[in-house]
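Reminder, nothing fancy here: chain letters follow the sequence lines and each chain counts from 1. Because only heavy atoms are used, hydrogens play no part in the values below, and waters and symmetry mates are left out as well, while side chains stay in.
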Amino acid sequence: EAQVTQNPRYLITVTGKKLTVTCSQNMNHEYMSWYRQDPGLGLRQIYYSMNVEVTDKGDVPEGYKVSRKEKRNFPLILESPSPNQTSLYFCASSPGTSGINEQFFGPGTRLTVL
Amino acid sequence: AQSVAQPEDQVNVAEGNPLTVKCTYSVSGNPYLFWYVQYPNRGLQFLLKYITGDNLVKGSYGFEAEFNKSQTSFHLKKPSALVSDSALYFCAVRDFRMDSSYKLIFGSGTRLLVRP
C-alpha cells in the first residue's frame with residue numbers, strides 16, 4: 001500500500017531532551033516536507049527536501065533539523081525541544097518537484113513538550 | 001507575498017443542502033490551487049486541484065471547486081452535503097521560488113459541520 005508513515009504517533013517529552021520523529025514514504029517521491037499544525041494557523045512548513053541531500057528551510061525552521069540521506073526517509077530532529085514546539089506534526093511527500101502534484105500526508109505525530 | 005485566506009472558521013449546513021467553503025488567494029503568476037480535507041485524528045487527504053483549463057474542477061467524494069481569476073477565489077462546493085462530510089478543510093496554493101523549489105501555503109482551515 002502506498003503510504004507515508006510517521007513514528008511515533010504520540011510523544012510526551014521534557015524540555016531539552018533531544019528527539020527524532022521519523023518519516024518514510026514508499027512511493028519513490030522526490031519531494032518531502034514537514035509541517036506543524038496549530039489551531040487557527042493552518043499548516044506551516046518547517047523544512048522541505050526536493051531530493052536526496054537537498055533540503056531547505058520553510059517558514060518556521062527554528063529549533064528543527066532535517067536530513068535526507070535516502071529518498072524514502074526524511075527524519076525531523078528536535079535537538080533541544082521547548083514547550084512552544086508542542087504541536088501536531090505532519091510529514092508529506094509528492095512526486096516530482098514542480099508542485100503540480102498533490103501531496104500525500106502521513107497520519108501525524110502529536111508532540112507535547114513539558 | 002503569496003497568501004491564502006479562508007474567511008470562515010466554521011460552516012454549518014443541514015444534510016442534503018448544498019455547501020460552500022470559501023477560499024481566496026493572492027499569488028503572482030498563474031496559481032496552482034488545492035483543497036485538502038482532514039478527518040479527526042487523520043492526516044490530510046487530497047480532494048482536488050486546479051492547475052489550468054476548465055474553471056470548474058471535480059474531485060473526490062462529490063466535491064467540486066470553481067476557480068475565479070477575477071475574484072481570486074477557489075471556493076469548494078458540494079450539491080448535497082452528507083453528515084460524513086463533517087471535517088476540517090484546507091485550501092492551499094503553490095508558492096514557486098526563484099531557485100525552482102516550491103512550497104504549499106495553507107489557509108487556516110474551515111471546519112464544516114453537517115447536521116442531520
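- Looking at B/K103, the atoms closer than 4.5 Å to chain A (heavy atoms on both sides) sit in the backbone and in the side chain alike.
- Cluster membership check: B/V37 does not share its hydrophobic cluster with B/F106, using side-chain heavy-atom separations under 4.5 Å among Ile, Leu, Val, Met, Phe, Trp and Tyr.
- Residue B/R94 touches chain A through its side chain alone, counting heavy-atom pairs closer than 4.5 Å.
- Remark: B/N41 CG is loosely packed, at most 12 non-hydrogen atoms of other residues, nucleotides or ligands lying under 6.0 Å away.
- Only the side chain of A/Y31 comes within less than 4.5 Å of a heavy atom in chain B; its backbone stays farther off.
- For the residue pair B/S108 and A/G40, the shortest heavy atom distance occurs at CB-O, 3.5 Å.
- Within a 6.0 Å sphere centred on NZ of B/K22, heavy atoms belonging to other residues, nucleotides or ligands number 12 at most.
- Comparing A/P39, A/G42, A/G99 by heavy-atom pairs within less than 4.5 Å of chain B, the highest count is held by A/G99.
- In this structure, A/L111 is not a member of the same hydrophobic cluster as A/L88, with clusters built from ILVMFWY side-chain heavy atoms closer than 4.5 Å.
- Atom CG of A/D59 is surrounded by more than 12 heavy atoms from other residues, nucleotides or ligands within 6.0 Å.
- Interface remark: A/R9 contributes side-chain atoms only to the contact with chain B (heavy atom separation under 4.5 Å).
- Contacts between A/T97 and chain B at a heavy-atom distance below 4.5 Å involve the backbone alone (N, CA, C, O).
- Between B/L104 and A/Q103, some side-chain heavy-atom pair lies under the 4.5 Å cut-off.
- Rounding to the nearest 0.5 Å gives a distance of 9.5 Å between OH of A/Y35 and CG of B/L44.
- Residues B/Y36 and A/F104 fall into different hydrophobic clusters, defined by Ile, Leu, Val, Met, Phe, Trp and Tyr side chains chained together at heavy-atom separations under 4.5 Å.
- Hydrophobic clustering places B/Y61 together with B/L112 (ILVMFWY residues linked when any side-chain heavy atoms are closer than 4.5 Å, directly or through intermediates).
- If you take CZ on A/F105 and CD on B/Q38, they are separated by 9.0 Å, rounding to the nearest 0.5 Å.
- The backbone N or O of A/I100 sits nowhere less than 3.5 Å from a side-chain atom of B/Y102 that would complete a donor-acceptor pair.
- In this structure, CD1 on B/I51 lies 8.0 Å from CG on A/N101, to the nearest 0.5 angstrom.
- Atom CG of B/L88 sits about 6.5 Å away from atom CD of A/Q37, to the nearest 0.5 Å.
- Hydrophobic clustering (ILVMFWY, side-chain heavy atoms < 4.5 Å, transitive): A/L76 and A/M32 are in one cluster.
- In this structure, chain B has a heavy atom under 4.5 Å from the side chain of A/D56, while its backbone stays farther away.
- Contact of A/E102 with chain B is made through backbone and side chain together, with heavy-atom distances under 4.5 Å.
- Residue B/L113 places its CG atom among more than 12 non-hydrogen atoms of other residues, nucleotides or ligands, all under 6.0 Å distant.
- Within 6.0 Å of the CZ atom in A/R44, the count of heavy atoms belonging to other residues, nucleotides or ligands exceeds 12.
- Within the 3.5 Å criterion, the main-chain N or O of A/S98 finds no donor-acceptor partner in the side chain of B/Y32.
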